[in-house]
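Before any comments, here is the structure.
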There are 2 protein chains.
Amino acid sequence: MPLTISIDLGSPVPAYRQIADRLRETLVTGHLRPGDALPPVRQLATDLGVHFNTVAEAYRTLATEGWLMLRRGSGAVVVERGVPPPAAPEQRDRLALALRDAVLKMRAAGWPAEEIAIELHKALKGTPS
Amino acid sequence: MPLTISIDLGSPVPAYRQIADRLRETLVTGHLRPGDALPPVRQLATDLGVHFNTVAEAYRTLATEGWLMLRRGSGAVVVERGVPPPAAPEQRDRLALALRDAVLKMRAAGWPAEEIAIELHKALKGTPS
DNA sequence: TTGAATTGTATAGTGTACTTGTACAATATA
DNA sequence: TATATTGTACAAGTACACTATACAATTCAA
């Protein structure tokens with residue numbers, strides 16, 4: 001599978017963060033596994049309609065999180081991640097807040113609680129551990 | 001109750017959006033109800049440590065969403081909102097994506113699925129309808 | 001009725017973040 | 001060993017967030 005992701009250039013979320021988010025999804029769900037190679041920054045950038053430096057920034061984000069190893073010439077490779085380093089409580093709070101705000105915005109937009117729960121389980125599905 | 005909210009100035013999420021998020025929470029949960037007055041932008045701004053224009057931007061955001069009515073001299077007042085206007089599919093997708101990304105980041109940080117579900121229910125709790 | 005105080009609005013300025021352009025360094029490959 | 005491939009570094013342009021300041025509409029006390 002050639003890694004097909006897409007981003008929304010009209011979104012207020014910066015492109016490099018969207019790219020990181022979508023790639024993180026493939027990593028968390030196991031569609032990309034240790035040893036797998038990611039496409040070169042220039043190729044993915046062309047596919048998504050952004051500059052390759054924008055993709056490179058996303059790769060660096062994921063490398064910092066421990067998902068990837070980057071090397072010029074060799075490209076980006078998924079590495080064994082082990083136990084995620086314990087996040088700072090401040091960072092933990094932000095993650096929980098992001099979830100809460102997402103739910104609140106959906107409620108405010110009129111989503112039934114049912115459907116929100118469904119969306120949640122979709123997001124949890126396929127996640128190992 | 002004097003409306004006590006707090007924001008995180010170190011967060012990458014812009015202050016005006018955090019303020020709107022926290023206020024939306026009080027609105028969705030019914031802690032602020034139609035007819036209630038919000039604090040003047042200058043007062044809330046002082047409380048939060050930002051410029052009053054930043055608070056004003058948050059108020060405008062919520063006014064656009066149909067929660068508030070703004071008038072100089074009178075201040076910001078919660079209005080009856082009725083049925084939320086049907087969001088554009090594009091906007092709907094973004095809401096669902098935000099939820100998905102929040103969950104994925106929590107998983108990536110090592111949160112057990114259990115606790116994520118708990119956080120979700122905390123966010124849903126107290127929500128009418 | 002009037003004038004001062006209160007409250008949101010408008011607009012310009014400043015700093016920061018995002019994206020791009022371009023040159024470069026390290027690795028792979030023919 | 002030369003060339004292509006791949007990520008990196010850094011400067012420039014643009015958009016966004018926040019602030020400063022002046023302003024307009026409303027409220028309220030004298």
Side-chain angles (χ1 to χ4, degrees), chain A residues 2-3 5-23 27 32 35-79 94 101, chain B residues 2-3 5-23 27 32 35-79 94 101:
Chain A
L3 180 62
I5 69 175
S6 67
I7 63 174
D8 175 5
L9 292 178
S11 163
V13 180
Y16 83 91
R17 222 180 296 169
Q18 290 187 60
I19 297 169
D21 287 344
R22 296 282 61 74
L23 291 176
L27 290 162
L32 271 179
D36 290 348
L38 272 70
V41 290
R42 284 166 181 81
Q43 179 188 318
L44 185 51
T46 301
D47 294 349
L48 297 176
V50 297
H51 194 271
F52 65 80
N53 271 343
T54 301
V55 175
E57 181 64 27
Y59 279 17
R60 278 190 287 271
T61 299
L62 294 172
T64 300
E65 294 177 11
W67 293 105
L68 305 181
M69 189 191 55
L70 307 178
R71 271 205 326 170
R72 325 186 217 203
S74 314
V77 179
V78 181
V79 296
R94 282 179 193 155
D101 289 336
Chain B
L3 180 62
I5 68 175
S6 67
I7 62 174
D8 175 6
L9 293 177
S11 163
V13 181
Y16 82 92
R17 221 178 296 168
Q18 289 186 60
I19 297 169
D21 288 342
R22 295 283 62 75
L23 291 177
L27 291 161
L32 272 178
D36 290 348
L38 272 69
V41 291
R42 286 165 179 80
Q43 179 187 319
L44 185 52
T46 301
D47 293 348
L48 298 176
V50 297
H51 194 271
F52 65 80
N53 271 344
T54 300
V55 175
E57 180 65 26
Y59 279 16
R60 278 191 288 272
T61 300
L62 294 172
T64 300
E65 294 177 9
W67 293 105
L68 305 181
M69 191 190 52
L70 307 178
R71 270 203 331 168
R72 323 184 218 206
S74 314
V77 179
V78 181
V79 297
R94 282 177 193 157
D101 288 337

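As the structure is a prediction and not an experimental result, all values here were calculated from the model. Computed from heavy atoms alone, side chains included, the values below leave out hydrogens, waters and symmetry copies. Throughout, protein chains are lettered first and strands after them, A, B, ... in sequence-line order, and every chain is numbered starting at 1.
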Distance test, side-chain N/O of A:Thr54 to OP1/OP2 of C:dT19, below 4.0 Å: no
Any B:Arg60 side-chain N or O less than 4.0 Å from OP1/OP2 of C:dT9: yes
Whole-Å distance between [N] [atom2] and [X] [atom1]?
{"X": "B:His51", "N": "C:dT14", "atom1": "NE2", "atom2": "P", "result": "15 Å"}
{"X": "A:Tyr16", "N": "C:dA17", "atom1": "OH", "atom2": "P", "result": "9 Å"}
{"X": "A:Arg42", "N": "C:dC24", "atom1": "CZ", "atom2": "C1'", "result": "11 Å"}
{"X": "B:Tyr59", "N": "C:dG8", "atom1": "OH", "atom2": "C1'", "result": "11 Å"}
{"X": "A:Arg71", "N": "C:dA28", "atom1": "CZ", "atom2": "C1'", "result": "10 Å"}
{"X": "B:Ile19", "N": "C:dG8", "atom1": "CD1", "atom2": "P", "result": "13 Å"}
{"X": "A:Leu70", "N": "C:dT27", "atom1": "CG", "atom2": "P", "result": "13 Å"}

For chain B, the stretch of DNA chain D it reaches, first to last nucleotide, under 4.0 Å of its heavy atoms: D:dA17 to D:dT27
Between [X] and [Y], what is the shortest heavy-atom contact and its length?
{"X": "A:Leu3", "Y": "A:Pro39", "result": "CD2-CD, 3.3 Å"}
{"X": "B:Arg60", "Y": "B:Asn53", "result": "NH2-O, 4.4 Å"}
{"X": "B:Leu9", "Y": "B:Leu48", "result": "CD1-O, 4.3 Å"}

Student check: side-chain heavy atoms of A:Leu68 and A:Val78 closer than 4.5 Å: yes
Heavy-atom side-chain proximity of A:Asp36 to A:Val77 below 4.5 angstrom: no
Value rounded to 0.5 Å, distance of CZ in B:Arg17 from OG1 in B:Thr54: 13.0 Å
Comparing B:Ala76 and A:Val50 on DNA chain C - which has the more 5′ nearest nucleotide: B:Ala76
Sugar-phosphate only, base, or nothing, as touched by A:Phe52 at under 4.0 Å among non-hydrogen atoms: base
CA sep, side-chain torsions, deciding dist, call: B:Tyr16, B:Val50, side chain to side chain contact (heavy atoms under 4.5 Å, CB included): CA-CA 9 Å; B:Tyr16 82 92; B:Val50 297; over 6 Å; no
Proximity to the side chain of A:Pro14 - top-ranked nucleotide from C:dT27, C:dA10, C:dT19: C:dT19
